[in-house]
Asks: 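Structure incoming, see below.
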Amino acid sequence: MAVTNSDSNPTNIPDKPSLDGIESALAQIWQDEGTYTFDRTAPRERVYSIDTPPPTVSGSLHMGHVFSYTHTDTIARYQRMTGKAVFYPMGWDDNGLPTERRVQNYFGVRCDPHVAYEPDFQPPFRGNPPKDHQPISISRPNFIKLCEELTHEDEKVFEDLFRRLGLSVDWDYLYTTIEDRSRRVSQRAFLGNLERGEAYTQEAPTLWDVDFKTAVAQAELEDRERPGAYHQVSLARSDGSGDVVIDTTRPVLLAACVALVAHPDDPRYQPLFGTTVRTPLYGVEVPVLAHPLAQIDKGTGIAMICTFGDLTDVIWWRELNLPTRAIIGRDGRIINTPPHGLDSAAGIAAYEQIAGLFINQAQTKVVEALRESGAMLGEPRAIMHPVKFFEKGDRPLEIVTSRQWYIRNGGRDADLRHAFVDRGNHLAWHPDHMRHRYSNWVEGLNGDWLISRQRYFGVPVPVWYRLDENGEAIHDSPIMPSHDVLPIDPSTDVPPGYSADQRHQPHGFIGDPDVMDTWATSSLSPQIAGKWEDDADLFARIFPMDLRPQAHDIIRTWLFSTVVRSHFEHDSLPWKNAALSGWILDPDRKKMSKSKGNVVTPLDLFEKFGSDAVRYWAASARPGIDTAFSEDQMKVGKKLATKLLNATKFVLSFPEPAIDARPTTAIDLAMLARVAQTINEATTAFEQYDYARALERTESMFWWFCDDYVELVKGRAYDSQGPEAAGSALSALRLALSALQRLLAPFMPFTTDTVWRWWQNGSVHTAAWPAVSELGSIGDSTILEPIGEILSQIRRSKTDAKTSQKAVVTQAVVTANAEVLAAFELGRLDLGEAGSVAHWVTVVAAGETSVRSTLAAPETGN
RNA sequence: GGGCGCUUAGCUCAGUUGGUUAGAGCUCCUCGCUUACACCGAGGAGGUCGGGGGUUCGAGUCCCUCAGCGCCCA
């Protein structure tokens, strides 16, 4: 990697340099030259590896992607220039619900694991099936094939956009989350968890989405404020000594009631503990119990426990050893048969009134019946209250009992939980305060990670179950495949020792019907990208990775689950650093949303301002800070790029300085001292992942260089003070230019590589990050401030006189202290030329520096 | 209810161990075609640093407190 190279060829420089269209040409050159190719022979200590977030390909790329991927790219480029072999892969997330829906709608098919695989299957449609088309059922392997076909086109578009943005990704390491390799990694890791006891299956109450008909994990929940109403219901005490009044928002669950509960310290209900009451309508006898989770000040202070109305019911049910009376089915309807314990004739008749109804309809019926029976007191009182939803769902979650797979995450084990908190403490967070989101989440876990989903598309849970003589599955000893046959699909593949015709037969087998949550695969992105399962040499060179960049809203999901998998599989953190990016906001400070219809596409902005200008806007945002979308910032970026083009052209338009020419003039050495300081500041900032500060320091230096330094030495560079003085200026200009181009390279890869190639060999992106040592001797930068002040005052006098900046100053009187005048003497000749000053007078005086300029009378005529 | 962050010029934001007169860009106004750049340059206007209190010789910066905004969690 050459630092500088005097192989300049000024004929490369166009007369009118332009930024138009540089992106596609350079992207091609980078591809051809392998500029970003990962050197897989590099030892681990020389590797910098990045666990790239794989974007969901069923959506579209928006400014949020441009924003955060640019941040990562500046880091990747900096690390590459410091000599690291940068492992920077890209992945496409084509696993999960959004892709499943797109494939269904596009091809007119539906995934059904019970259907046999057809090698030559062709879908009935490719795009726009008619509205009355009934989706045809196809096997999971066929469905995955169609997914790969459909997403392939989207992925090309994504790749083109990312290349246009100038991401320095090594595209040879591209992965997708549904491809064979990812499914293999996912299943292999799951089987490892299972063998070590970190994964287990259990029949338990589970949060359930009745529309998606799948279980949902704690991390996918969100609270939404919904209107509800308190209904006051009275329950007769079994001993006939009176009533107990409860408040409930869900009287529909009265048939599922298994107990009443109040706080143990509540004197109102202490006498009732241990007694029983009878539910209205259904006549079921239930105990009155004490539990500290009961809220004294909520409603009447006593609540009914139902199986299951909410998560607190589950805790009560578990801790108080209560029976189960489930009445809500997986389809969101009331189950047809009454629950155990509801066996009186009147109770059964009352239950038949609601059996088969949707929950809302049933609620209405129950309220009517309670009114008629007199058990309801007064009118319902409307309230707003938080209700748990699946983050992608439209109806409140219910809780049903089902068999699911879990991976331990510390939610039920304090020691393990502390181990995960500790992992988070050892991770370097950027910005640092994001670590609180992690510990906050981990410390608040109240159950293990539910990874099974009752969907058809995704990575199958890779186990089978033996069937007993009655054809019932034996769940506690699943049959596992050997690792060398992965990935498998238990819905079509046959377990070892069985034949295909034994499926569903007594003493035969069945496949696990479920797929794994997409996070169960995404949480293995380091293992997938690093080819853990089939290239151990590569994996050892890149793992644990150096950087996980991601958005802060998925700390609880993607980040945490990756830590969990790495902890179990490798007993280590998956990465050393986590960089959390902020959101893009509308100019009105709301989160940008597609629905508002005011979203500009990245491509339009690349066209309008150039990719480097868009990157400039992104890189100007502090790490982790939500940032307003701003075309103004892009304009500024474009100005910077244009300026770099012109400044380079100007510096290179001078004859090449002699080989032995070195900066000797005080001003030149002082300027180099500022360059040195900028290098140090930018380097420190990048080491702290603060790309924005690195840019700000460099940019500020660059504009000073153009506006003041170049103006000062321009005349001298034109040889006005003799060859030695010119040689000093010319060599200093080139040293500074080389450093500045490289300092800007992570931010403006297209512009910097364009100008770099005008006078250097190879790409700026494989050049060495600038070092202070390469500048040679540097001077005292403090002389620049007084010199700048004098220049500024001369300029002001001309502006005040409304005359041209090239107007001649016949005499300038500089009044300043001795120190300033000493600096002035060092810049006297250059100042004279830059300000067109014919004659200087200096006056020593304490106090502020002042310059009194006498302007030549404007020439008349001519 | 708990946690975290933010509040500095009309707008978007810097301000890193407390240290002269608080900075930049955009916008606005004035001027200038000057042989790198008019996709430019020179200059100007614009701020009680959210409110209050405290520590200190000195606070935008540290501490306390209040208010508003935002995010995460319960």
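Protein chains get the first letters and strands the later ones, always in sequence-line order, with residue 1 at the start of each. No hydrogens, no waters, no symmetry mates; every other heavy atom, side chains included, goes into these values.
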Asks: Using the C1' atom on both, measure B/G60 against B/U7 and round to a whole Å.
Replies: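 Roughly 12 Å separates the two C1' atoms.
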
Asks: Mind checking if A/Y616 touches a base, just sugar-phosphate, or nothing, with heavy atoms under 4.0 Å?
Replies: nothing

Asks: If you measure from the C1' atom in B/A22 to the same atom in B/C29, how many Å do you get, rounded?
Replies: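 Nearest-Å result for B/A22 against B/C29 at atom C1': 23 Å.
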
Asks: Indicate, yes or no, whether a donor-acceptor pair under 3.5 Å links the base of B/A36 to the side chain of A/E711.
Replies: yes

Asks: Can you confirm whether A/E391 is buried at CD, in the sense that more than 12 heavy atoms of other residues, nucleotides or ligands lie under 6.0 Å from that atom?
Replies: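 Yes, CD of A/E391 has more than 12 neighbouring heavy atoms, counting only those of other groups under 6.0 Å.
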
Asks: Go nucleotide by nucleotide along RNA chain B from the 5' end; which of A/K798 and A/H433 gets its closest nucleotide reached first?
Replies: A/H433

Asks: Could you check which of B/U34, B/C39, B/C73 has an atom nearest any side-chain atom of A/T642?
Replies: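 The answer is B/C39, which lies nearest to the side chain.
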
Asks: Parallel, tilted or perpendicular: which describes the rings of A/W316 and A/H291, with under 30° parallel and over 60° perpendicular?
Replies: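 Plane angle over 60°, so perpendicular.
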
Asks: Can you find a side chain N or O atom of A/Q218 that sits less than 4.0 Å from OP1 or OP2 on B/A74?
Replies: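 The answer is yes; a side-chain N or O of A/Q218 sits under 4.0 Å from OP1 or OP2.
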
Asks: Provide, to the nearest angstrom, the distance between the NZ atom belonging to A/K639 and the P atom belonging to B/G25.
Replies: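 Distance, rounded to whole Å: 8 Å.
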
Asks: Measure the distance from CD1 on A/I584 to P on B/C71 and round it to the nearest whole Å.
Replies: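 Computing the A/I584:CD1 to B/C71:P distance gives 15 Å.
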
Asks: Kindly say if A/S792 contacts the phosphate of B/G43, meaning a side-chain N or O under 4.0 Å from OP1 or OP2.
Replies: yes

Asks: What is the nucleic acid contact for A/S804, judged by heavy atoms within less than 4.0 Å: base, sugar-phosphate only, or nothing?
Replies: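 Touches sugar-phosphate only.
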
Asks: Pick base, sugar-phosphate or nothing for A/S439, based on heavy-atom distances below 4.0 Å to the nucleic acid.
Replies: nothing

Asks: At less than 4.0 Å, is any side-chain N or O atom of A/R556 found next to OP1 or OP2 of B/C73? Yes or no.
Replies: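 Checking B/C73 against A/R556, a side-chain N or O does come within under 4.0 Å of OP1 or OP2.
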
Asks: On a whole-Å scale, what distance lies between the P atoms belonging to B/C72 and B/C11?
Replies: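 Rounded to whole Å, the distance is 26 Å.
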
Asks: Roughly how many Å apart are B/A9 and B/G23, using the C1' atom of each and rounding to a whole number?
Replies: 10 Å

Asks: Would you please say whether a donor-acceptor pair under 3.5 Å links the side chains of A/Q677 and A/S781?
Replies: no

Asks: Identify whether any heavy atom of A/K388 sits under 4.0 Å from a base atom; if not, whether one sits that close to sugar-phosphate; answer base, sugar-phosphate or nothing.
Replies: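 If one applies the 4.0 Å heavy-atom cut-off, A/K388 turns out to touch nothing in the nucleic acid.
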
Asks: A/K643 side chain N/O closer than 4.0 Å to the phosphate oxygens (OP1, OP2) of B/G25?
Replies: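 No, outside the criterion.
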
Asks: From the set B/C72, B/A14, B/C39, return the single nucleotide nearest to any side-chain atom of A/N440.
Replies: B/C72

Asks: For B/G41, which nucleotide is its Watson-Crick or G-U wobble mate, given both distances must be under 3.5 Å?
Replies: B/C31

Asks: Give the nucleotide from the list B/C31, B/G43, B/G3 with an atom nearest to the side chain of A/H436.
Replies: B/G3

Asks: Is any side-chain nitrogen or oxygen of A/R796 closer than 4.0 Å to OP1 or OP2 of B/G44?
Replies: yes

Asks: Among the candidates B/A36, B/G43, B/G41, find the nucleotide nearest to the side-chain atoms of A/D707.
Replies: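 Nearest listed nucleotide: B/G41.
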
Asks: A/F654 CZ to B/A36 P: how many Å, rounded?
Replies: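 Computing the A/F654:CZ to B/A36:P distance gives 7 Å.
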
Asks: Tell me whether A/E848 at atom CD has more than 12 heavy atoms from other residues, nucleotides or ligands lying less than 6.0 Å away.
Replies: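 Atom CD in A/E848 is not crowded, with 12 or fewer foreign heavy atoms closer than 6.0 Å.
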
Asks: Looking for any heavy atom pair under 4.0 Å, which part of the strands does A/K714 touch: base, sugar-phosphate only, or nothing?
Replies: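 Base contact.
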
Asks: To the nearest Å, give me how far apart CZ (A/F650) and P (B/G41) are.
Replies: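 My rounded result for the distance is 14 Å.
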
Asks: Using atom CD of A/E696 as one end and atom P of B/U12 as the other, report the distance to the nearest whole Å.
Replies: 19 Å

Asks: Which is more 5' along RNA chain B, the nucleotide nearest A/G444 or the one nearest A/K638? Just name the residue.
Replies: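 Of the two residues, A/K638 wins.
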
Asks: OP1 or OP2 of B/C72 versus the side-chain N and O atoms of A/R435: is any pair under 4.0 Å?
Replies: no

Asks: Just say parallel, tilted or perpendicular for the rings of A/Y78 and A/F686, cut-offs at 30° and 60°.
Replies: parallel

Asks: B/G43 C1' sits how many Å from A/L791 CG, rounded?
Replies: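 Whole-Å distance recorded here is 12 Å.
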
Asks: Under a 3.5 Å cut-off for both contacts, is B/G50 paired Watson-Crick or G-U wobble with anything, and if yes, with which nucleotide?
Replies: B/C66

Asks: A/W429 vs A/Y438 aromatic rings, parallel, tilted or perpendicular, using cut-offs 30° and 60°?
Replies: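 A/W429 and A/Y438: tilted rings.
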
Asks: Using the C1' atom in both, what is the distance from B/G50 to B/C69, to the nearest Å?
Replies: 11 Å

Asks: Counting any heavy atom closer than 4.0 Å, what does A/E848 reach on the DNA or RNA strands: base, sugar-phosphate only, or nothing?
Replies: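 Counting heavy atoms under 4.0 Å across all strands, the contact made by A/E848 includes a base.
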
Asks: Side chain of A/R622: nearest nucleotide among B/A14, B/C31, B/C26?
Replies: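 Within the option list, the nearest is B/A14.
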
Asks: Taking pairing as Watson-Crick or G-U wobble with both contacts under 3.5 Å, can you name the mate of B/G1, or confirm there isn't one?
Replies: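 Partner of B/G1: B/C73.
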
Asks: Using purine N1 to pyrimidine N3 plus N6-O4 or O6-N4 for Watson-Crick, or N1-O2 and O6-N3 for G-U wobble, both under 3.5 Å, which nucleotide pairs with B/A59?
Replies: none

Asks: What interatomic distance, in whole Å, is found between C1' of B/C63 and the corresponding atom of B/U55?
Replies: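 B/U55 and B/C63 have their C1' atoms separated by 7 Å.
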
Asks: Does B/U20 have a Watson-Crick or wobble mate here (both distances under 3.5 Å), and if so which one?
Replies: none

Asks: So for atom CD, which belongs to A/E785, do other residues, nucleotides or ligands contribute more than 12 heavy atoms lying within a distance under 6.0 Å?
Replies: no

Asks: Would you mind pulling out the nucleotide paired to B/A9, Watson-Crick or G-U wobble, both distances under 3.5 Å?
Replies: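 Across any shown strand, B/A9 pairs with none.
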
Asks: When the distance from CG of A/L644 to P of B/C40 is rounded to whole Å, what number comes out?
Replies: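 Rounded to whole Å, this separation is 14 Å.
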
Asks: What is the nucleic acid contact for A/E443, judged by heavy atoms within less than 4.0 Å: base, sugar-phosphate only, or nothing?
Replies: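 No contact at all - A/E443 keeps every heavy atom at 4.0 Å or more from the nucleic acid.
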
Asks: Taking the C1' atom in each of B/G19 and B/U12, what is the distance between them to the nearest angstrom?
Replies: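 Comparing C1' positions in B/G19 and B/U12 gives a spacing of 29 Å.
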
Asks: Distance alone, cut at 3.5 Å: any donor-acceptor contact between the side chains of A/T648 and A/Q741?
Replies: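 Yes, because at least one side-chain N or O of A/T648 sits under 3.5 Å from a partner of the opposite role on A/Q741.
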
Asks: Side chain of A/Q805, heavy atoms from C-beta onward: which of B/C72, B/G5, B/A42 has the nearest atom to it?
Replies: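 When the side chain of A/Q805 is considered, B/A42 is the closest of B/C72, B/G5, B/A42.
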
Asks: C1' atom, B/A59 versus B/G18: distance in rounded Å?
Replies: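 One C1' to the other, the span is 6 Å.
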
Asks: Rounded to whole Å, please give me the gap between CH2 in A/W429 and C1' in B/G5.
Replies: 15 Å

Asks: Output the single nucleotide from B/A36, B/G43, B/G5 whose closest atom is nearest the side chain of A/K649.
Replies: B/A36

Asks: Using the side-chain heavy atoms of A/D223, tell me which of these nucleotides is nearest: B/G43, B/A36, B/A74.
Replies: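 Output: B/A74.
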
Asks: For A/W756, does the six-membered ring have the charged nitrogen or CZ of A/R742 within the cation-pi criterion, i.e. under 6.0 angstrom from the centroid and within 45° of the normal?
Replies: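 Output no; distance or angle outside limits.
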
